[in-house]
Amino acid sequence: MPIIRVALNVPVDTLFDYQAEDASQHDIGLRACVPFGKKQVTGIILAVSDETQIPVEKLKSAYCIFREIKPLPAALLDLFHFCSQYYHHPLGMVIMNGLPVKLRNNKPVSLKRKPHQYQYSLTSAGKNVELTQIPARNRVARRLLNEFQQAVTLTNPQIKHISPRAEKLLQDWIQLGWITSELCSASTAARVAKTPVLTAEQEIAVNAITAGGKQFNTWLLHGVTGSGKTEVYLRIIESVLAQGRQALVLIPEISLTPQLEGVFRGRFSNVPLVSLHSGLNDTERLTGWLQAESGEAKIILGTRLAVFTPLSDLGVIIVDEEQDSSFKQQDGLRYSARDLAIFRARQNAIPVILGSATPSLESYYNALTNRYRHIRLLSRAVQNATLPLIQCIDTRIHKNQEGLSDPLIQALNQCLQEKHQSLIFINRRGYAPVLLCKSCGWTAPCQRCSSRLVVHLRDKKLRCHHCGHQEQFPRACPQCGNQDIAPFGQGTQRVEETLTAHFPAARILRIDRDSTRRKHAWQEILHAVHTHQVDILIGTQLLSKGHDFPNLSLVGILNADGALYSTDFRASERLFAQLMQVAGRAGRANVAGHVLIQTEFPDHPLYQALQRHDYDALAQTLLAERKIAGFPPYVYQALLRAEAHHIKTVLDFLAQAAQLARPPQAVELFDPVPAHMSRLKGLERAHLLVQSSSRKHLHTFLTGWYAKITTLPSQKVRWVLDVDPLEF
DNA sequence: AGCACGCCGACT
DNA sequence: GTCGGCGTGCTC
């Protein structure tokens, strides 16, 4: 009797063997429903064999093998394998995490007739029907008929949009002979709508990438805001579609998928496009997945999860805003969709394009060292668009009143009078407090690993959250002797109230987690902004993502300094990218943009580079710092993260784990340290850093170490290995 | 992850 | 004398 080896969604890194009389090698990649303990579960068949190591009395029989859809392609299984090994996560969990929910159930999937496929139009009989023949109270019918008279042909989604009841009505009308249906022509030839003329730079980029053809290459498409990266993507996709192949486009989480989707649909109106984002229900997601797998969908647009979509004939992968941290999953399987995209591109021998105005230092470094091909877009594609003027307000000179300085208030006032919109951006990420000398800018460094020490007021100590070193508070600044050293403050609350007090007539809208939680809140907010029902916007992170606010001319930035002296070595990089993005919000179309940054350190290299829009200057500075400090991209890191109800449990666990390790010379193992947000949801969190200048050595070490940690008594500690961690 | 088995405190 | 606490260990 054949044995199937099944990957299940359980946190044990092993396959489970079952008898299956009807199994054959062709079933690898199919779903199987099997008994597991007292339950029945569904997993993926990864091997079929005649023998098993499992004693016969333990071996059970599979209930069934689902054959209603094709097996997962071998390339996708390879991707899951790689992901499991690289991120040290059980294979079964990796696979089940990557599949649509409907494929994880113990049920065969029902293949409904696909939407999109038919288009409907009025027959000559239908054209004779007058609107007045339909009773006025039958509003859905009237609207449907009206739509048909206006639009001539309609598709299922469009009809559904009129009313959920309209589809039922449609069937009735087909019976009456009013409506005919015909198959949509799924033409893969890109019918190109209005195509802008490429700039010389864009043309060079497109030619270079398309000339590479069916060959693996990682391209860093590095273009300033407004340089027209999207147009480059569109041209490359066009050429891929012309070969009948598919394009996978990955975008950050909050970057408002519909907006980009609109651009793609507008340009490739006849090309089947599937959009995979968090707003889909299980059925929609499965449908999209199946369309991608069959090759029916030609463009797949989605967030990080879309990197696991099966694609029968992939021609290019695009990762837009590649520096965005939402490409890295921050819980469970901590994968980077950007890095997996590169793996897939290599696997398929196709180009992958990483696009950004402010690349991650890792990607920039890879471009400098020729591991990636670097393409620059230095000029703006949009006519008349000029870069915004970025200036600093020195808050040591201009006193803050409740967080707002005089020059900023004046600028806001002027903006209001000119009837332009303004935006106040508050940088409110929770940075750990560091010790700072106000007179010379000195901060307490860690001697052992060149990161900054964190102030722990409770026991008056300084601690390194990187290596675990700790020391006493100094009495005075060791650099200049000043006694005025203090933890770096946060402050800046109540900005909205202050603004209201200053500008009682202005319409102020505050955007935060709460105000955007409601389903269509974003749409309403954007609408309000676009129709100029708002004068001043206040917001945080959420606002920096790529929305177009055509009337916005002033951006004020508060509280940015925290990132300059953060213990997170990536904080500067992120701040720069974020401020560049926020600055890009100002003055897009015909309004000149002005950006004012309130800071105590106007001479800081970050602000200097920002004012000159000079990414390279900052990147070079940061890379030099990273090299000296021994931080990525010069080393590869992994983090053993653990959490439990009591901090001692966590630290003991980590200490035990460290005991198990016998790191080779090339690999460095640090002491356990409490995590940045050491208390989250009532759990205490801590971690232990491992790093090496050799990715290979680090990986080999992790594999052995992971196996040993698994054998530890778990003592109610939850732990994960985070490979290439972004947050500490 | 579930879900059992299993050994010690407050209840009818 | 039981009911139930959640610590440990297995699931093919």
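Here is how names work: the chains are called A, B, and so on, in the same order as the sequence lines, proteins then strands, and each is numbered from 1.
The side chain of A/Phe16 sits closest to C/dC12 out of B/dC3, C/dC12, B/dA1. Checked against C/dC12, B/dA1, B/dC3, the side chain of A/Lys38 finds its nearest nucleotide in B/dC3.
At whole-Å resolution of the value, CG in A/Leu8 and P in B/dG2 are 13 Å apart. One can place CD1 of A/Ile44 at 18 Å from P of C/dC12, the figure rounded to the nearest angstrom. Here B/dA1 presents its P atom at 11 Å from CH2 of A/Trp719, a figure rounded to the nearest Å. Between the CG atom of A/Asp13 and the P atom of C/dC12 there is a distance of 17 Å, given to the nearest Å. Rounded to an integer number of Å, the gap from CZ of A/Phe36 to C1' of B/dG2 is 9 Å. What separates NZ of A/Lys39 from P of C/dC10 is a distance of 19 Å, to the nearest Å. Atom pair A/Tyr18:OH and C/dC12:P shows a separation of 5 Å (rounding to whole Å applied). Taking atom NZ of A/Lys58 as the reference point, atom C1' of C/dC12 lies 8 Å away to the nearest angstrom.
When heavy atoms are screened at a 4.0 angstrom cut-off, A/Leu59 is found touching the sugar-phosphate backbone but no base atom. Within 4.0 Å of A/Pro35, counting heavy atoms only, lie sugar-phosphate atoms of the nucleic acid but no base atom.
For the residue pair A/Glu322/A/Ser360, the side-chain donor-acceptor check at 3.5 Å is satisfied. Side chains of A/Ser326 and A/Asp324: a donor-acceptor N/O pair is present below 3.5 angstrom, by distance only.
Classification of A/Glu68 and A/Arg31 as a salt-bridged pair holds, one side-chain N sitting under 4.0 Å from a carboxylate O.
Of the candidates A/Arg334, A/Arg695, A/Lys328, A/Arg570, A/Arg695 is the only one forming a salt bridge (Lys or Arg N to Asp or Glu O under 4.0 Å) with A/Asp724.
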